[in-house]
Amino acid sequence: MARCSPPLLRRFFCCAAKSASATSAAAGTKKKNIVFLGSPQVAASVLDTLLAASSSPDSAFQVAAVVTQPPAAKNRGRKLLPSAVAQLALERGFPGDLIFTPERAGEESFLSDLKGVRPELCITAAYGNILPQRFLDIPPCGTVNIHPSLLPLYRGAAPVQRALQDGVAETGVSLAYTVRALDAGPVIACERFSVDECIKAPELLAILFNIGSKLLLDELPSVLDGSAKQKAKPQDDSKATLAPKMNSDESWLTFDEEAKVLHNKVRAFAGWPGTRAKLQLLNQNGEPDVLDIKVISTNVSTSCDKVGDENEILFSGNSLLIPCSGSTWLEVLELQLPGKKVTTARDFWNGLRGQKLLKST
């Protein structure tokens, strides 16, 4: 069944399909049924906003069901844990038998359960599953997605990360109808957001989904009465750009690029998969030992007040200074050694005790 879970988590998710229909029928028809689909923490914040708004006596809608990714093994113990959205729903007292966790959104048992809820509208926010046409045909008001970019820019799985990697000065969030083509549906509304040069992907994601939640509540009346379909604007496919999923193989930094490019990559890849670099530490015999580090926080400099060899990494103020292309310097403020906690550049430098540090070539 669509809602079945491994035995360890059956206490969270019930497989009784009848309960969904019974609960929906008991709720009456005054409020329109909405189904929310999402998985990570940023999506949980959207669900929290919807649940709070739906609890108002004069609300025109109610959250009739929640759809999220199945429980997954997390942390070192590899214990199966529900998604952030499922956890939030349970904490808010949402019925466990109305939290659906299909492996794929095209499963017959899941689609049958979804029809039993009789949704007027489905709302997605970082759900993480492809929605087939059979799904999209169910809600009469359609399916609306909160997408953290200014569509048609950055269609795909990693719009915030790819925008930061490109060093954009402005991004935003779009509310758009879902169609079979990737993030290509008509845009109901959007809101712009200026991007700080030091903001990282996790923080920007949270901000944009927060903005998207408010945008959604503003537009819900027109979506539910159908007028949003009249005002929604088709996207210009000729201006579309793609934001493919992040790959851990991309996480390595090479210092033959300008510091600005590397700084943007650190911001974009923060959280997962992170950014890594190989350095060389000269031992007491003058022989290089390879040192793998994870780069956490950086800045950019076009000058250096210290003098060293061509590939030598220096220290000034509170930063490691790594020479890069174009006479630029990457300032590393925080880093992490394998198996260790994040440390400041100063503490790391003090721990070297005078040993020379070089960038890998």
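Only a predicted model underlies this, so the values are computations on that prediction, with no experimental measurement involved.
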Do [X] and [Y] make a side-chain contact, defined as non-hydrogen atoms from C-beta onward lying under 4.5 Å apart?
{"X": "P273", "Y": "M246", "value": "yes"}
{"X": "K265", "Y": "Q161", "value": "no"}
{"X": "L98", "Y": "F94", "value": "yes"}
{"X": "F100", "Y": "L37", "value": "no"}
{"X": "Q235", "Y": "L151", "value": "yes"}
{"X": "I199", "Y": "L164", "value": "yes"}
{"X": "E310", "Y": "P323", "value": "no"}
{"X": "F36", "Y": "C122", "value": "no"}

Check your understanding: Given V332 and I322, is the side-chain contact (heavy atoms from CB on, under 4.5 Å) satisfied, shown in steps?
Key -> CA-CA 8 Å; V332 177; I322 304 179; 3.8 Å; yes

Practice item. Check step by step if side chain to side chain donor-acceptor pair (under 3.5 Å) holds for Y154 and D166. Key: CA-CA 11 Å; Y154 298 105; D166 288 346; 2.7 Å; yes

Exercise for review: Report whether V179 and V187 are members of the same hydrophobic cluster (ILVMFWY, side-chain heavy atoms less than 4.5 Å apart, transitive linking).
Suggested key: no

Point to revise | Heavy-atom closest pair, residues A43 and G38 | key: CB-CA, 3.9 Å

Check your understanding: Can you name the nearest heavy-atom pair linking A201 to V160, along with the distance?
Key -> O-CG1, 4.0 Å

State plainly whether the residues [X] and [Y] are in salt-bridge range, i.e. N to O under 4.0 Å.
{"X": "E250", "Y": "R162", "value": "yes"}
{"X": "E219", "Y": "K231", "value": "yes"}
{"X": "D237", "Y": "R155", "value": "yes"}
{"X": "R92", "Y": "D48", "value": "yes"}

Point to revise | E91, CD atom: more than 12 neighbouring heavy atoms under 6.0 Å | key: yes

**Study point:** Heavy atoms of other groups near L217 CG, more than 12 under 6.0 Å
**Key:** yes

Review point. Taking the side chain from Q230 and the backbone from G226, do they hold a donor-acceptor pair closer than 3.5 Å?
Key: no

Check your understanding: Distance-only, no hydrogens or angles: does the S59 side chain make a donor-acceptor pair with backbone N or O of S55 under 3.5 Å?
Key -> no

Review point. Of L208, T124, V173, which meets side chain to side chain contact (heavy atoms under 4.5 Å, CB included) against I146?
Key: V173

Side chains of [X] and [Y]: is there a donor and an acceptor less than 3.5 Å apart?
{"X": "R118", "Y": "N33", "result": "no"}
{"X": "S83", "Y": "T68", "result": "yes"}
{"X": "H263", "Y": "T298", "result": "yes"}
{"X": "K200", "Y": "S297", "result": "yes"}
{"X": "Q69", "Y": "S39", "result": "no"}
{"X": "N145", "Y": "Y127", "result": "no"}

Atom pair [atom1]/[atom2] of [X] and [Y] - distance to nearest 0.5 Å:
{"X": "Y177", "Y": "C141", "atom1": "OH", "atom2": "SG", "answer": "7.5 Å"}
{"X": "L175", "Y": "D218", "atom1": "CG", "atom2": "CG", "answer": "10.0 Å"}
{"X": "E331", "Y": "C324", "atom1": "CD", "atom2": "SG", "answer": "10.5 Å"}

Practice item. Could you check T275 against W252 for side-chain contact (heavy atoms from CB on, under 4.5 Å), going step by step and ending with a plain yes or no? Key: CA-CA 6 Å; T275 43; W252 290 102; over 6 Å; no

Exercise for review: Check the pair I123, I34 against side-chain contact (heavy atoms from CB on, under 4.5 Å), reporting the backbone distance first and the verdict last.
Suggested key: CA-CA 7 Å; I123 296 168; I34 285 178; 3.7 Å; yes

**Study point:** T344 vs N318, side-chain contact (heavy atoms from CB on, under 4.5 Å): CA-CA, chis, key distance, verdict
**Key:** CA-CA 8 Å; T344 64; N318 292 306; over 6 Å; no

